[in-house]
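Let me begin by presenting the structure, written as structure tokens, before commenting on it.
For the numbers below, each heavy atom of this structure counts, side chains included, while hydrogens, waters and symmetry mates do not. None of these values were measured; they are calculated from a predicted model.
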Amino acid sequence: MNQTLAYQRLFQLTEQFIPIMKGELDVVGAPDIQSETNQDFQQQGLQKNRPKIIAGKAETDAHFQAIYQFWEATHPEAGHPYWLTRSWLMSIWQPVYLAVFSVYLLKAVPNLQNMTQHYAEGVVAGYRLAPEGITEGNDRQLIQTACAHLITLVNQFQHHFNVFTRLRPGMTRPLLADNILEALATLANHFPDTAPDDLKNHARLWLTELALASRHLDSLSQIAPQQHDNSPCWQVARISCCMHYRRHDGKLCANCPRAAKRSKQDTGRNNR
């Protein structure tokens with residue numbers, strides 16, 4: 001596989017689907033392919049002056065704390081559960097989507113463990129990948145590689161957060177499970193030709209490799225096609241809450257477990 005073309009394709013696909021997810025190649029320190037990629041990637045406007053989140057680097061402690069403090073200052077009424085959940089989700093959404101998209105759209109996995117993420121005003125968006133070896137293989141092998149990278153990142157991110165606050169695995173693991181399932185559902189809904197036919201079995205592989213409970217699979221379901229659309233649609237009934245409802249301008253998400261619980265309570269009261 002031509003590494004340059006592989007990275008270009010990955011960057012194009014992620015930005016095409018999520019415009020703020022701009023990918024860049026970090027050619028510094030990689031003279032072996034720098035000459036052939038420099039011209040292409042200089043066109044993308046490298047975000048050199050934006051703060052960078054690099055897992056495992058001591059300075060990243062302050063970057064994560066800055067994200068947390070931004071949401072604390074912006075929505076003081078929402079409280080610590082929202083500030084922490086929002087900051088965590090901001091930190092992991094790009095690695096999760098990159099992992100899933102790489103496996104099925106690129107049919108290869110770049111080294112996500114050393115990725116750099118950009119952030120500004122509480123929002124993490126945009127990333128850089130070092131031009132290191134890309135792993136190829138069958139779907140199972142690629143899922144194993146992608147999950148190994150995600151586990152490394154998640155553990156390092158938790159360490160960075162724990163420098164200034166307490167981040168419990170009991171909170172992060174359900175959020176990670178939801179993110180993985182939502183990324184798979186997104187893939188199937190928007191790129192049906194590349195998504196696996198047995199999406200649930202693939203979801204099981206992802207959860208197993210990430211050491212997440214298989215019961216989360218019940219959250220992923222297929223619904224009937226919409227009018228004028230023959231494609232089945234996948235949806236995720238979240239098992240975790242993003243805490244958006246705690247904001248003064250927030251409300252429960254349609255697929256929030258709290259919304260489902262409230263609906264059951266309302267139904268029970270109406271049946272009395």
Hey, can you pull the donor-acceptor pairs under 3.5 Å for the side chains in residues 64-73, sequence neighbours left out?
from : atom 1 : to   : atom 2 : distance (Å)
Y68  : OH     : H80  : ND1    : 2.6
W71  : NE1    : G122 : O      : 3.0

For P76 against W83, the heavy-atom pair lying closest together: O-CZ2, 3.4 Å
Non-hydrogen side-chain atoms of V100 and L184 separated by less than 4.5 Å: yes
4.5 Å side-chain heavy-atom contact, Y97 and M21: yes
Ring centres under 6.0 angstrom apart (F101, Y104): no
Within 6.0 angstrom of E121 CD, more than 12 heavy atoms from elsewhere: no
Parallel, tilted or perpendicular, as decided by the 30° and 60° cut-offs, for the rings of H160 and F157: tilted
Sub-4.5 Å side-chain heavy-atom contact between K52 and H118: yes
Distance (rounded to the nearest 0.5 Å) between H190 NE2 and C233 SG: 8.0 Å
Proximity of Y119 and Y127 rings by center, below 6.0 Å: no
For the student: nearest non-hydrogen atoms of G79 and R246, plus distance: CA-NH2, 4.2 Å
pair R204-S214: side-chain heavy atoms closer than 4.5 Å: yes
H244, NE2 atom: more than 12 neighbouring heavy atoms under 6.0 Å: yes
Note, R140 side chain near I143 side chain (heavy atom, < 4.5 Å): no
